[in-house]
*Asks:* 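One structure, as structure tokens, below. Some questions next.
The basis for the numbers below is simple: all heavy atoms, side chains too, and nothing from hydrogens, waters or symmetry mates.
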Amino acid sequence: MTATPPPPRPPRPPPGTAIRQLASRLRRLPPSCGPVRLIGVDGHAGSGKSTFAERLAEALGGAPVLHLDDLATHDELFAWTGRLLTQVIEPLSQSRPAQYSAYDWRTRRFGPPRPLPPAPVMVIEGVGAGRRALRPYLARLLWMELPREEAWARGRFRDGEEQREFWDGWVEAEERHFAEDPSRPYAHGVVRQLPEGYEVLPGPEGTR
């Protein structure tokens, strides 16, 4: 008896197609924070959030990107919610320009205010971008799908030996954060990085 060969797999779309299609869908969403469609990009440290967020912003025609690393500090790795709500979310929700002070991780102090005017779509990326306090203001939450051990290994390699002590403390803080306030169960989309480009699949929230 001859086994039936499996059907051929459909060809992968050209690199960049998934991001362009995602950007098109995001533009059509209703605003979530005043006139702004806030898009959260969350995932483990080292999972590729920053790179993906920048490429998504480019596909959105130059959408602003807010990196949560700019609001965190050495002493407050995850205690930045108040700053984000006061400096960014509150003014945007009132259709006013926002401004925030970015933390300098070398000098350990905040710099001068940076303007952040309302835009049709804005991307917020970083560990905790889908936390409980922010989800009511997000039009969509995207999760970078990479196992935490693999993501952390990438992050450690990227930052080098001089950041080893910081990473030891970070891993413990991140584990505690996601245990208390998980993001992935509420993600509308799950993003996987491919050898070329990305794949965007429905997330847990998007399949309910």
Side-chain angles (χ1 to χ4, degrees), residues 9-71 84 88-89 92-93 95 98 100 116-148 150-151 154-155 158 174 177-178 181-208:
R9 291 188 176 186
R12 286 192 185 275
T17 300
I19 286 188
R20 289 193 296 270
Q21 292 176 343
L22 175 62
S24 178
R25 294 195 298 270
L26 297 179
R27 288 192 195 96
R28 297 195 297 268
L29 294 173
S32 59
C33 184
V36 180
R37 297 152 183 83
L38 280 181
I39 310 302
V41 178
D42 206 337
H44 297 292
S47 60
K49 299 179 299 301
S50 297
T51 300
F52 173 77
E54 294 292 347
R55 292 180 180 175
L56 177 59
E58 182 180 355
L60 287 164
V65 179
L66 176 62
H67 303 281
L68 292 176
D69 283 351
D70 287 340
L71 298 179
L84 179 60
V88 177
I89 299 297
L92 291 180
S93 67
S95 302
Y100 67 99
L116 192 64
V121 186
M122 185 179 297
V123 181
I124 297 180
E125 74 84 18
V127 181
R131 63 173 31 174
R132 189 181 301 112
L134 301 185
R135 288 197 293 269
Y137 305 98
L138 298 179
R140 282 293 182 274
L141 172 59
L142 304 173
W143 175 267
M144 296 299 296
E145 188 79 325
L146 189 68
R148 62 183 187 176
E150 185 176 345
R154 284 174 50 173
R158 175 196 64 201
E174 185 183 304
H177 165 71
F178 280 132
D181 192 354
S183 298
R184 192 185 186 284
Y186 303 94
H188 301 91
V190 168
V191 181
R192 291 195 177 104
Q193 187 172 1
L194 304 175
E196 293 186 38
Y198 294 90
E199 180 181 42
V200 183
L201 303 172
E205 185 66 25
T207 56
R208 292 182 186 178

*Asks:* Do you know the tightest heavy-atom contact between Pro35 and Ser95?
*Replies:*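 Looks like CD-OG, 3.4 Å.
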*Asks:* Counting only N and O atoms by type, is there a donor-acceptor contact under 3.5 Å from the side chain of Asp42 to the main-chain atoms of Ser183?
*Replies:*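 It does not hold such a pair.
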*Asks:* Would you say the side chain of Pro118 lies within less than 4.5 Å of the side chain of Val36, judging by non-hydrogen atoms?
*Replies:*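 Yes, close enough: below the 4.5 Å cut-off.
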*Asks:* Between Pro185 and Pro204, what is the shortest heavy-atom contact and its length?
*Replies:*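 So the two residues come closest at O-CB, 3.3 Å.
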*Asks:* Quick one, Ile19 with Val200, criterion side chain to side chain contact (heavy atoms under 4.5 Å, CB included). Give me CA distance, side-chain angles, the key distance, then yes/no.
*Replies:* CA-CA 8 Å; Ile19 286 188; Val200 183; 5.7 Å; no
*Asks:* What is the distance from atom CD of Glu205 to atom CZ of Arg140, rounded to the nearest 0.5 Å?
*Replies:*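 So the CD of Glu205 and the CZ of Arg140 are separated by 9.0 Å.
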*Asks:* So do the side chains of Leu38 and Leu134 get within less than 4.5 Å of each other, counting heavy atoms only?
*Replies:*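 Not in contact.
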*Asks:* Can you check whether Glu199 reaches Glu145 side chain to side chain, under 4.5 Å on heavy atoms?
*Replies:*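 The answer is no, as the side chains (C-beta and beyond) never meet within the 4.5 Å cut-off.
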*Asks:* Quick one, Ser24 with Arg28, criterion side chain to side chain donor-acceptor pair (under 3.5 Å). Give me CA distance, side-chain angles, the key distance, then yes/no.
*Replies:* CA-CA 7 Å; Ser24 178; Arg28 297 195 297 268; 2.8 Å; yes
*Asks:* Please report the shortest heavy-atom distance between His44 and Val127, naming the atom on each side.
*Replies:*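 Closest approach of His44 to Val127: C-CG2, 4.1 Å.
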*Asks:* Give me the atom names and distance for the closest heavy-atom approach of Gly46 to Lys49.
*Replies:*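 Result for this residue pair: N-NZ, 4.2 Å.
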*Asks:* Output the distance between atom NE2 (His67) and atom OG (Ser50), rounded to the nearest 0.5 Å.
*Replies:*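 Result: 5.5 Å between the selected atoms.
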*Asks:* To the nearest 0.5 Å, tell me how far Asp181 CG sits from His177 NE2.
*Replies:*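 The NE2 atom of His177 is 5.0 Å from CG of Asp181, to the nearest 0.5 Å.
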*Asks:* For this output row, return yes or no: ring centroids of Trp143 and Phe178 closer than 6.0 angstrom.
*Replies:*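 So the answer is yes for these two rings.
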*Asks:* Are the side chains of Arg192 and Leu201 in touch, meaning some heavy atoms are under 4.5 Å apart?
*Replies:*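 In short, these two side chains touch, coming nearer than 4.5 Å.
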*Asks:* Please determine whether the number of non-hydrogen atoms from other residues, nucleotides or ligands lying under 6.0 Å from atom CD of Gln193 exceeds 12.
*Replies:*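 Yes.
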*Asks:* Who passes ring-ring contact (aromatic ring centres under 6.0 Å, His included) against Tyr137, sequence neighbours left out?
*Replies:*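 For Tyr137, no residue satisfies ring-ring contact (aromatic ring centres under 6.0 Å, His included) once neighbours in sequence are set aside.
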*Asks:* Looking at residues at least two apart in the chain, or sitting in another chain, which of them share a salt bridge (Lys or Arg N to Asp or Glu O under 4.0 Å) with Arg27?
*Replies:*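 In terms of salt bridge (Lys or Arg N to Asp or Glu O under 4.0 Å), with neighbours along the sequence ignored, Arg27 is linked to no residue.
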*Asks:* Under the side chain to side chain contact (heavy atoms under 4.5 Å, CB included) rule, what do Leu142 and Leu56 come out as? Steps first, then yes or no, please.
*Replies:* CA-CA 11 Å; Leu142 304 173; Leu56 177 59; 4.1 Å; yes
*Asks:* Under 3.5 Å, is there a donor on one side chain and an acceptor on the other for Thr51 and Arg55?
*Replies:*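 No - no donor-acceptor pair under 3.5 Å links their side chains.
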*Asks:* I need the Cys33 SG to Leu92 CG distance, nearest 0.5 Å.
*Replies:*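 Between atom SG of Cys33 and atom CG of Leu92 there are 5.0 Å.
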*Asks:* Go through the steps for His188 and Leu138 under the test side chain to side chain contact (heavy atoms under 4.5 Å, CB included), then give the verdict.
*Replies:* CA-CA 10 Å; His188 301 91; Leu138 298 179; 6.0 Å; no
*Asks:* In Å and rounded to the nearest 0.5 Å, what is the CG to CD1 distance from Leu141 to Ile39?
*Replies:*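 If we round to the nearest 0.5 Å, Leu141:CG and Ile39:CD1 are 9.5 Å apart.
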*Asks:* Tell me, please, which residues at least two apart from Arg148 pass side chain to side chain donor-acceptor pair (under 3.5 Å).
*Replies:*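 Arg148 satisfies side chain to side chain donor-acceptor pair (under 3.5 Å) with Glu175 only.
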*Asks:* Considering only heavy atoms from C-beta outward, does the side chain of Leu29 approach that of Val121 to under 4.5 Å?
*Replies:*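 In short, these two side chains do not touch, never coming nearer than 4.5 Å.
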*Asks:* Kindly determine whether Leu66 and Glu125 satisfy side chain to side chain contact (heavy atoms under 4.5 Å, CB included), including the steps that lead there.
*Replies:* CA-CA 6 Å; Leu66 176 62; Glu125 74 84 18; over 6 Å; no
*Asks:* Does Tyr186 have Arg135 sitting over its ring (NZ/CZ under 6.0 Å from centre, angle to axis within 45°)?
*Replies:*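 The answer is yes, since Arg135 meets both limits relative to Tyr186.
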*Asks:* Within the 4.5 Å heavy-atom criterion, are Met122 and Leu116 side-chain neighbours or not?
*Replies:*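 Side chain of Met122 against side chain of Leu116, heavy atoms only: contact under 4.5 Å found.
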*Asks:* Measuring from atom CG of Leu22 to atom OH of Tyr198, what distance do you get when rounded to the nearest 0.5 angstrom?
*Replies:*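 Here the rounded value is 12.0 Å.
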*Asks:* Just to verify, what does Glu174 make a salt bridge (Lys or Arg N to Asp or Glu O under 4.0 Å) with, not counting sequence neighbours?
*Replies:*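 In terms of salt bridge (Lys or Arg N to Asp or Glu O under 4.0 Å), with neighbours along the sequence ignored, Glu174 is linked to no residue.
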*Asks:* Can you list everything that forms a salt bridge (Lys or Arg N to Asp or Glu O under 4.0 Å) with Asp70? Sequence neighbours excluded, please.
*Replies:*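 Partners of Asp70 under the salt bridge (Lys or Arg N to Asp or Glu O under 4.0 Å) test: Arg114.
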*Asks:* Tell me, please, which residues at least two apart from Arg37 pass salt bridge (Lys or Arg N to Asp or Glu O under 4.0 Å).
*Replies:*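 Result, salt bridge (Lys or Arg N to Asp or Glu O under 4.0 Å) vs Arg37: none returned.
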